[in-house]
Amino acid sequence: MTAELVRGQNHTLPQTRLEIRVSAGTPVVAGATLGDEHGTVHGVEWIAHPGSPQLPGLEVSRQAAAEHRLAVDLDALAEAVHRVTVLLALPLQAGGPTRFGAVASPFVAVTGLDGTEIATFTLTGLDTESAVTALELYRRQGAWKVRAVGQGYAGGLAAMLADQGVAGAAELARSIQEAVARGLARSVAPPPPRAPEGGRVTHAAHPASPQGEGRTQATPQPGPLDEPSSAPTAPVTPSTPSAGGLIDYAHPRREATAPPPPPPTAPPAEPGRPATPVAGDATGWSMEERLYNQVWGMFEDLARATAAYRSAVDFAESRMDQELERTLSDPRSRIGGAGDRAREQARAKRDELTGRAREALDRDLAQLAAESAVVEPALPAAYAGWDNPVWHAYRVPMEIPMALRIGDLHLPESAGLSIPLLVRLPLERGMWIDSGRTASEAAALTGPDQLRRLAMESAVLHAARMLAVYPPNEFSVHVIDPAGSGAAALAPLVGAGVLASPPASGAGGVSSVLARLTRRVDLVQMAIRAGASDALPPDLDPAEQLLIVNDFPHGFDDRAVTQLRYLADEGPSVGVHLMMVADREDASAYGPVLDPLWRSLLRVTPVADDHLADPWVGHAWTYEPPATPPGSSVLAQVLERVAAARRTGHR
């Protein structure tokens with residue numbers, strides 16, 4: 001039976017191999033400190049945090065996330081360790097919450113490896129605190145217990161570490177936040193929350209527990225809301241659902257007069273068989289909204305099913321190790337063939353458990369693959385891959401879509417199943433297309449010239465899709481190409497005549513484009529603050545702007561670097577977005593000056609790379625950049641129609 005703890009209450013732990021699961025309404029940093037019998041933390045080597053996530057018997061998440069799973073093996077801790085304290089903190093990110101009182105109360109559960117809850121604790125009553133000691137596991141008279149703590153710190157992570165006697169607490173807190181910022185730069189933004197009931201029909205079979213038995217799938221915790229953009233064309237983010245109510249969806253230029261219609265239902269499934277997948281089986285006003293939520297539901301289902309499989313495999317390996325240790329610690333088992341038989345039995349049990357877990361995962365993957373086969377052909381152009389037939393019937397839209405596809409994601413256990421990576425529109429952060437060979441193994445195996453070409457071609461595909469999904473003349477693209485090295489990749493955009501102006505080159509061209517866009521950001525911000533949007537000068541382009549920067553930092557002086565940082569920070573809120581095509585190693589001479597710029601952009605790669613993480617369990621997902629089918633003329637055809645619509649002002 002689960003113990004629901006309140007602040008100060010404790011509970012005996014019946015086992016020593018545990019998971020600590022954290023669920024919050026916003027990305028949080030999770031860490032843990034080890035203490036001796038007096039609670040003293042003997043230096044940084046006794047602290048697990050995103051920058052140093054593993055200690056003997058303890059592993060924490062490598063990034064900030066809305067959900068965490070911390071692994072604890074109390075038997076593997078050093079003899080001197082008598083206390084494990086779990087810490088939570090808000091990351092220092094632009095636009096993010098700065099106090100726990102502004103977000104949903106974090107929920108912490110101590111579970112067995114099979115997911116069975118032992119004790120839970122909801123951290124209520126927090127206000128100005130930005131860091132909190134959630135709970136502690138402590139040793140008392142040879143037994144381990146858990147205590148709900150809930151001690152908050154308005155001084156943040158530094159104050160919390162200092163309270164535990166950590167020397168150099170401020171410096172350590174700063175290094176942890178820097179590691180978290182690097183992780184946030186690679187994290188996929190979580191989707192809006194779903195309806196508490198029926199928001200999506202989950203077709204995937206329930207993942208197996210470590211023992212191989214079916215388990216009840218937990219109700220998904222709502223993720224944090226997308227931060228709304230102040231740009232006038234921004235879609236309205238769904239509001240937080242009230243208790244027991246549905247999400248209130250709103251869409252540009254739509255008056256909400258009635259609840260959204262229910263999603264389509266699948267035909268009744270035969271007994272013992274999974275339900276037939278249906279495209280658009282999620283709550284929303286339109287099929288576009290339903291498909292958006294369904295894609296994110298598939299992403300979440302795959303993340304959780306894979307997490308259950310990996311947990312089951314870890315459990316099977318741990319069980320085998322423990323059985324072998326118990327058997328071989330007895331000298332009598334070493335006589336004759338008893339030891340060999342024990343090894344064979346332990347390995348056979350391990351193989352049985354992992355095999356059953358794999359069967360459960362394969363069932364989930366098969367169902368998700370069937371759902372993907374139904375959903376992919378139904379996607380609108382903004383969500384569809386370049387090989388989707390929807391592009392052959394493409395027409396320039398009259399409304400901005402909810403989201404945009406910028407690539408695909410898959411996991412090692414499901415390489416044949418890809419989930420579209422959708423980001424909300426208008427963009428809330430720019431993009432950094434990494435052309436560096438040190439970015440990944442795949443990049444290291446690619447020649448530097450080819451990698452730079454692929455990076456620029458990826459930028460062109462992203463820009464072309466943005467031009468294609470916006471109404472006529474509501475999106476403009478500028479290019480800075482100081483040395484002209486991206487001319488070949490830019491040919492489709494230049495040839496179609498869809499750029500706002502020819503690619504800028506040389507120091508003068510760089511200065512002119514940056515000055516023009518910086519002026520636009522300044523003027524629109526002032527107009528918004530003054531409530532005088534009708535006073536903007538007539539020469540100001542009201543369309544959203546995208547600036548593609550190639551070959552950075554070549555051709556950029558200190559003033560230009562400062563302007564780029566300004567555009568990355570302030571531009572998205574007023575419809576100016578940045579897309580850097582760059583190798584960070586080339587800009588290493590700038591040192592930490594450019595760190596805020598890199599952190600403010602979503603890093604993607606021109607070759608497949610496992611650098612993106614989900615907001616639930618933090619899997620490393622392999623990102624596949626967009627690509628047109630070999631020999632296809634779809635890009636030229638789409639850009640030709642965009643250019644024609646820009647000339648006539650309509651479809």
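As the structure is a computational prediction, the values presented were derived from the model and not from experiment. For reference, positions follow the sequence shown, starting with 1.
The distance from the OG1 atom of T12 to the NZ atom of K145 is 4.5 Å, given to the nearest 0.5 Å. Distance check: E79 CD to D36 CG gives 13.5 Å after rounding to the nearest 0.5 Å. Taking OG1 of T98 as the reference point, atom CD of E129 lies at 11.5 Å (rounded to 0.5 Å). Interatomic distance, I20 CD1 to I118 CD1, rounded to the nearest 0.5 Å: 10.0 Å. With rounding to the nearest 0.5 angstrom, the CG atom of D314 is 15.0 Å from the CZ atom of R319. Within the model, atoms CZ of R139 and CH2 of W144 stand 4.5 Å from one another, a figure rounded to the nearest 0.5 Å.
E624 contributes no side-chain N or O that, together with a main-chain N or O of G407, makes up a donor-acceptor pair within less than 3.5 Å. H49 places a side-chain N or O within donor-acceptor distance of the main-chain N or O of G51, the cut-off being under 3.5 Å. In this structure a side-chain-to-backbone donor-acceptor pair under 3.5 Å is present from Q9 to V6. With S52 contributing its side chain and E45 its backbone, the two residues share no donor-acceptor pair below 3.5 Å.
Side-chain contact between E67 and V22 is absent, with no heavy atoms from C-beta onward closer than 4.5 Å. Side-chain contact check for D127 versus R99: some heavy-atom pair is nearer than 4.5 Å. Considering only heavy atoms from C-beta on, L361 stays 4.5 Å or farther from R363 through its side chain. Contact annotation: the side chain of E428 never approaches that of P572 to less than 4.5 Å [non-hydrogen atoms, C-beta and beyond]. A heavy-atom distance below 4.5 Å is not found between the side chains of M160 and V132. No side-chain heavy atom of R429 sits less than 4.5 Å from a side-chain heavy atom of S600. Contact of the L18 side chain with the L13 side chain is registered, since non-hydrogen atoms from C-beta on lie closer than 4.5 Å. A 4.5 Å side-chain heavy-atom check between S61 and H68 finds at least one atom pair inside the cut-off.
Using cut-offs of 30° and 60° on the angle between ring planes, the pair Y623 and H611 is perpendicular. Ring geometry, Y292 versus Y383: the interplanar angle falls from 30° to 60°, so the pair is classed tilted.
Taking both residues in full, the closest heavy atoms of E288 and A403 are given as OE2-N, 4.5 Å, listed atom of the first, atom of the second, then distance. The two residues L291 and G280 come nearest to each other via the heavy atoms CD2-N, 3.6 Å. The shortest heavy-atom contact between V41 and W46 is CG1-CB, 3.8 Å. Shown here for T354 and A316, the closest heavy-atom pair between the two residues is CG2-CB, 3.7 Å. Scanning both residues, P50 and A179, for their nearest heavy atoms gives C-CB, 4.4 Å. In this structure, R62 and P53 approach most closely via the heavy-atom pair NH1-CG, 3.5 Å.
For E352, the CD atom is densely surrounded, since the number of other residues' heavy atoms within 6.0 Å is greater than 12.
If you run side-chain contact (heavy atoms from CB on, under 4.5 Å) between T85 and each of L137, L135, T133, only T133 comes through.
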Practice task
Could you please spell out the steps behind the salt bridge (Lys or Arg N to Asp or Glu O under 4.0 Å) verdict for R603 and D609?
Solution key: CA-CA 11 Å; R603 174 179 171 260; D609 182 36; 3.5 Å; yes
Exercise for the section: Please lay out, stage by stage, how V146 and N10 fare under the test side-chain contact (heavy atoms from CB on, under 4.5 Å). Expected result: CA-CA 5 Å; V146 56; N10 61 47; over 6 Å; no
Handout entry: side-chain contact (heavy atoms from CB on, under 4.5 Å) between L409 and S418, worked out
Key = CA-CA 5 Å; L409 298 171; S418 293; over 6 Å; no
Handout entry: Chi angles and distances behind the side-chain contact (heavy atoms from CB on, under 4.5 Å) call for I406, L602
Key = CA-CA 11 Å; I406 63 170; L602 172 64; 3.8 Å; yes
Practice task
Might you work through the side-chain hydrogen bond (donor to acceptor under 3.5 Å, both in side chains) test for D434 and T605, ending with a clear yes or no?
Solution key: CA-CA 5 Å; D434 195 342; T605 53; over 6 Å; no
Exercise for the section: Would you check, one step at a time, whether the test side-chain contact (heavy atoms from CB on, under 4.5 Å) holds for R358 with L365? Expected result: CA-CA 10 Å; R358 184 70 219 195; L365 294 180; 3.7 Å; yes
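The pair R69-E59 does not count as a salt bridge, with every side-chain nitrogen at least 4.0 angstrom from each carboxylate oxygen. Salt bridge R174/E178: absent, no basic N to carboxylate O contact under 4.0 Å. A salt bridge does not link D364 to R304: none of the charged side-chain nitrogens sits closer than 4.0 Å to a carboxylate oxygen.
Listed by first then second residue, pairs satisfying salt bridge (charged side-chain N to carboxylate O under 4.0 Å, His left out) with a partner in residues 406-423 read R310-E413, R405-D408, not counting sequence neighbours.
In this structure, R7 fails the cation-pi test against F121, since its NZ or CZ atom is not both closer than 6.0 Å to the six-membered ring centre and inside 45 degrees of the ring normal.
A donor-acceptor contact closer than 3.5 angstrom links the side chains of Q294 and E371.
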